[in-house]
Amino acid sequence: MSFDQNLWTSLPTPALLIAPDDQIVDANPAAEGFLNSSTKVLTSGRLWERVSIDAPLQEAFSRARQDETVLYVNHINIGGRDRAPVSCNIQIAPLNGSNGQMIFLISPRELVTRINKAGGAQAAAKSAIGMAEMLAHEIKNPLAGITGAAQLLSMNLSNGDLELTDLIVAESRRIVKLLEQVEQFGNLRPPEKKPVNIHDVLDRARKSAMVGFGAAMAFVEDYDPSLPPTLGDADQLLQVFLNLLKNASEAAGNKGGTIRLKTSYDMSLRLRRKDGKAASVPLLVEIIDDGPGLPPEIEDNLFEPFISGRENGTGLGLALVSKIISEHGGWVTVDSVPGRTAFRISLPIATRKDLQSDMETY
Ligand SMILES: Nc1ncnc2c1ncn2[C@@H]1O[C@H](COP(=O)(O)OP(=O)(O)O)[C@@H](O)[C@H]1O
Ligand SMILES: [Mg+2]
């Protein structure tokens, strides 16, 4: 295809590529989700056959194609196969240099308001999360009903059947946990920043890993004791390290492995902020494991929500890491080959002023 495949697949807005005869040529993942159809099904027909549109768009469509102009239509109901129509705004734009192909963009109106409310920043992640959050909320209630009913049922059952109700309860709990992660992601509050000793946070994370998900792992501490405090939210930073330790432990599997927690100071690291100013982020925390390394197919989108390389993964762990670290004015990178995966987090240091104002609150 002549345009950027990455852009196409990460575009959070449902988008279709339409040929001059109105045949659907391609559908991005957002469109597949929105229309509840696969690209394969969608591209096997014309726009009007595969998408239900309650407006006489055909004429407008061919006009836009002829004039090579962009067409905007608001408040029309669009639905897909097995998908009830919802109110949408659409844009139809000619794809330059494509001999009459058009891009058909669908913005569900509910999503539009949500994104606007959220301020437009990181709209991609936010819209996906917004959808998931709504869903999470909707699914939790009936699920509680199902679990409760299974538990009631189990009271009068023989052992063989009990296994089945136990399964229902256990699997429902797993779904609830997953949904809670989605909600947690959506509800993340801004960090309450104070001077924080990063080694204390790392210790807390390591200890809780050792008694739980990281029981099979060996931990090596490689700390620079002279490291000054960072300015951050200790609980949120704890969450960051827990997520990284958890991923490293999960990657290692049952046989275990070694996780190295390393801190150092690198004054040369600077970060260009949105306002153009460079800020220094000299505190370096590295979480290094000797596991199999990142699955290559997700490496490029690792920090995006819902990108997971595990069967039961949510793909929210690293998205949360990235969100928290960016709200702390830091950055996170990863470097992975089989046998060595290193997540590097760079954080700013607390200024003298931060330290003083912290003292005054006691
Ligand atoms: N240390 C690591 N070693 C190997 N793969 C990793 C590591 N950390 C993350 N990954 C990969 O990145 C994916 C995304 O991680 P994450 O965002 O935490 O979501 P989840 O753990 O729910 O899958 C994981 O599923 C895994 O495939
Ligand atoms: Mg994870």
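First listed ligand is number 1; within each ligand, the first listed atom is number 1.
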Looking only at distance, does [X] have an N or O less than 3.5 Å from an N or O of ligand 1?
{"X": "Leu294", "result": "no"}
{"X": "Leu318", "result": "yes"}
{"X": "Gly309", "result": "yes"}

For ligand 1, which atoms sit closer than 4.0 Å to a heavy atom of Leu302?
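Going through ligand 1 atom by atom, the ones under 4.0 Å from Leu302 are 12 (O).
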
For Phe343, take its heavy atoms, then give the atoms of ligand 1 lying under 4.0 Å from any of them.
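Contacts of ligand 1 toward Phe343, numbered from 1: 1 (N), 8 (N).
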
With a sphere of 6.0 Å drawn around CZ of Arg189, does it hold more than 12 non-hydrogen atoms of other residues, nucleotides or ligands?
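Yes.
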
List the steps, then state whether salt bridge (Lys or Arg N to Asp or Glu O under 4.0 Å) holds for Arg340 with Asp290.
CA-CA 5 Å; Arg340 188 176 192 280; Asp290 56 0; over 6 Å; no

What part of [X] sits under 4.0 Å from ligand 1 if we count only heavy atoms: the side chain, the backbone, both or neither?
{"X": "Pro295", "answer": "side chain"}
{"X": "Ile298", "answer": "side chain"}
{"X": "Ile307", "answer": "backbone"}
{"X": "Ser308", "answer": "both"}

For atom 21 (O) of ligand 1, find the nearest protein heavy atom and state the residue, atom name and distance (0.1 Å precision).
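Going by distance alone, atom 21 (O) of ligand 1 is nearest to Arg310 NH2, 2.8 Å.
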
What protein heavy atom lies closest to atom 8 (N) of ligand 1? Include the residue and the distance to one decimal.
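Result: Asn247 CB, 3.2 Å.
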
Taking ring pair (Phe, Tyr, Trp, His ring centres under 6.0 Å) as the test, write out the residues that go with Tyr72, two or more places apart.
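For Tyr72 there are no ring pair (Phe, Tyr, Trp, His ring centres under 6.0 Å) partners, ignoring immediate neighbours.
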
Within a strict 4.5 Å, meaning less than it, do heavy atoms of the Leu318 and Phe343 side chains meet?
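Answer yes - side chains close enough.
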
Environment of the Mg ion (ligand 2) in terms of protein N/O/S atoms, cut-off under 2.8 Å
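For the Mg ion (ligand 2), the protein N, O and S atoms that sit under 2.8 Å away are Asn247 OD1.
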
List the atom pairs, donor and acceptor, that lie under 3.5 Å between side-chain atoms in residues 40-48 and the rest of the protein, sequence neighbours left out.
residue	atom	partner	partner atom	Å
Thr43	OG1	Thr39	O	2.8
Thr43	OG1	Lys40	O	3.3
Ser44	OG	Val41	O	2.5
Ser44	OG	Arg50	NE	3.3
Ser44	OG	Arg50	NH2	3.1
Arg46	NH1	Asp21	O	3.0
Trp48	NE1	Asp22	OD2	2.9

Taking only residues two or more places apart in sequence, or in another chain, which ones meet Thr263 in a side-chain contact (heavy atoms from CB on, under 4.5 Å)?
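Only Ile198, His199, Leu202, Tyr223, Asp224, Leu227, Val285 meet the side-chain contact (heavy atoms from CB on, under 4.5 Å) criterion with Thr263.
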
